[in-house]
Amino acid sequence: MASEELKDKKRKSSSNEEDLEIKKKLKKDKKDKKDKKDKKDKKDKKEKKDKKEKKSKDKSEETQTPVDSNSSTTNSISTSSSSSSDQYAESSELSSLPQSDIDQFFKENDVTVEDPKSKNLRPILSFNQVQFDSKIQSEISKFPKPTPIQSVSWPYLLNGRDVIGVAETGSGKTFAFGVPAINNILEHKSKGIKVLAVSPTRELASQIYDNLKKLTDLSGLNIVCLYGGVPKEQQRKDLKKADVVIATPGRLIDLMNEGCVDLSKVQYLTLDEADRMLEKGFEEDIKNIMRQSANPSRQTLMFTATWPKEVREIAQAFMNEPVKVSIGNRDELSANKRITQIVEVVDNFGKEQKLLSLLKKYQSGEKAQDKVLIFALYKKEAARIERLLQNKGFKVSSIHGDLSQQQRTQSLEDFKKSKTSLLLATDVAARGLDIPNVKTVINLTFPLTVEDYVHRIGRTGRAGQYGTAHTLFTEQEKHLSGALINVLKGANQPVPDELLKFGTHTKKKEHGAYGAFFKDVDMTKKPKKITFD
Ligand SMILES: Nc1ncnc2c1ncn2[C@@H]1O[C@H](COP(=O)(O)OP(=O)(O)OP(=O)(O)O)[C@@H](O)[C@H]1O
């Protein structure tokens with residue numbers, strides 16, 4: 001590899017990975033737009049045709065009544081399968097349930113299953129209806145019952161299938177992919193990395209690691225977490241005996257280039273926050289990882305709360321006849337309905353004063369200890385607001401790309417353990433972080449996409465709880481008003497008149513423009529000084 005390229009790789013893994021991605025993307029974006037459009041027009045035509053053909057094929061194959069018109073899900077008992085890796089036998093308890101119970105579950109949870117093989121596996125409605133390894137079983141059974149995404153995706157994962165799992169923020173997706181993966185590798189105790197989960201940020205990788213470590217510790221498996229910003233030595237050592245690897249792409253590729261990672265035995269490859277991982281910034285890295293882990297029996301899993309059209313085709317290229325499991329209507333971008341969403345249209349200059357009054361509202365009196373998470377867009381903005389809040393006497397910690405990994409980890413720990421009740425973050429913390437009892441999310445500056453908005457506000461209202469998201473929206477973001485209005489309406493939230501004035505038109509996104517790092521800002525102005533997280 002050329003030395004410049006190598007330097008670039010190293011820099012990427014040890015500094016903020018995303019900084020480089022935005023620079024790459026901005027360059028590519030313009031050029032790609034036209035190609036993309038031509039390709040898309042072609043693709044749309046083809047998709048339409050395929051869909052039509054598939055629909056008529058599905059109809060002729062179906063032997064039972066689908067739950068809804070989008071779904072090829074039926075609720076038969078799984079007795080046989082053509083898959084050689086199929087080891088899943090439905091429990092007799094599940095088999096004996098009346099069909100009406102299954103129908104009711106699908107209806108109540110608004111479940112859609114799109115399965116090109118029409119396997120129609122019944123969802124696992126209670127822990128008694130599945131037999132994981134006894135230690136894993138007792139750990140997971142501490143919860144009252146599987147969450148819907150776990151219920152529906154587990155049978156397919158145990159059946160050896162590739163799965164795309166789309167469910168709202170905070171709905172237990174980590175165990176949805178983690179439990180069957182770890183359970184299944186217990187049966188084949190060969191050496192080497194058998195489970196690989198890739199996630200977009202260090203904090204999220206570390207959280208997945210903490211969750212799955214509970215399971216691997218119980219099972220005598222070794223797990224390692226690879227991310228940048230910390231020395232590599234320990235990671236290299238741990239890799240030698242690792243069965244399970246959780247990683248951010250930058251550090252993983254870095255260690256792959258050093259020859260420290262052998263992915264040839266990977267049985268389960270999961271992309272968490274899959275849509276983010278398939279964006280242009282990460283796409284090349286993901287292709288590289290997929291190539292290196294091209295074990296023919298590999299199962300590929302993609303889990304996310306948002307699944308925009310722009311990434312669906314790319315996902316297919318990495319997967320083998322995946323089953324798509326959606327909880328709630330995830331084809332339309334939608335937010336968790338337990339979150340009260342308040343959107344205020346404000347003047348850019350008044351935002352700081354507004355923030356102070358919001359903190360009074362959400363953190364005074366008996367709410368003084370309530371956890372509030374504030375999102376800024378750029379790290380410079382986050383640093384400025386942090387100083388402002390400190391000057392005003394607030395005890396605030398922060399997470400953004402200008403901080404060392406140690407500082408980032410410490411801030412998150414303090415907030416998780418309620419040592420601080422105010423956390424200021426950039427979109428580095430938008431996705432996936434599971435922080436207990438965040439009561440309020442304040443969007444001081446609107447994110448670059450409405451998908452990111454859904455992820456940001458999803459830091460509250462997790463695991464069945466309720467929360468509030470208070471968003472300051474300015475004229476600068478008016479190109480996102482239509483998509484935001486749709487999200488508000490979809491969750492039965494009020495739409496302020498001031499927002500409606502910006503229009504309800506939704507701008508179509510390009511694949512390259514999707515994600516936390518694109519904005520219609522004037523990039524001709526001193527582009528080098530624009531910093532992103
Ligand atoms: N079966 C279950 N019952 C109740 N809680 C559960 C269950 N499974 C997982 N949880 C808990 O739910 C919380 C959210 O889970 P998790 O972080 O996996 O959500 P997620 O769907 O990945 O969210 P995001 O989209 O934001 O990444 C965690 O605290 C987890 O321990």
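Keep in mind that this is a model prediction, so the values were computed, not measured. In listed order, ligands and their atoms are each counted from 1.
Side-chain polar atoms of Arg431 and Thr201 form no donor-acceptor pair below 3.5 angstrom. A donor atom on one side chain and an acceptor atom on the other are not found under 3.5 Å apart for Gln465 and Arg338.
Contacts between Arg462 and ligand 1 below 4.0 angstrom, taking non-hydrogen atoms only, involve the side chain exclusively.
For Phe132 and Trp154, the ring centers sit closer than 6.0 Å to each other.
Contact atoms of ligand 1 toward Pro146: 1 (N) (distance under 4.0 Å to a heavy atom of the residue). Heavy-atom contacts of Arg459 reach the following atoms of ligand 1: 26 (O) (cutoff under 4.0 Å). Shown in contact with Lys145 at under 4.0 Å from a heavy atom are these atoms of ligand 1, numbered in order with element: 1 (N), 2 (C), 3 (N).
Comparing Lys142, Lys173, Arg431 by heavy-atom distance to atom 21 (O) of ligand 1, the nearest is Lys173. Evaluated by nearest non-hydrogen atom to atom 4 (C) of ligand 1, the leading choice among Phe175, Phe177, Phe143 is Phe143. Across Thr147, Asp434, Val179, Ile149, heavy-atom proximity to atom 29 (O) of ligand 1 is greatest for Asp434.
Between Ala167 and ligand 1, no pair of N/O atoms sits closer than 3.5 Å.
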- Task: Go through the steps for Phe375 and Thr426 under the test side-chain contact (heavy atoms from CB on, under 4.5 Å), then give the verdict.
- Result: CA-CA 5 Å; Phe375 279 104; Thr426 56; over 6 Å; no
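The 12-atom threshold is not exceeded at NZ of Lys135, counting heavy atoms of other residues, nucleotides or ligands nearer than 6.0 Å.
Under a 4.0 angstrom heavy-atom cut-off, Gly458 registers as lying outside contact with ligand 1.
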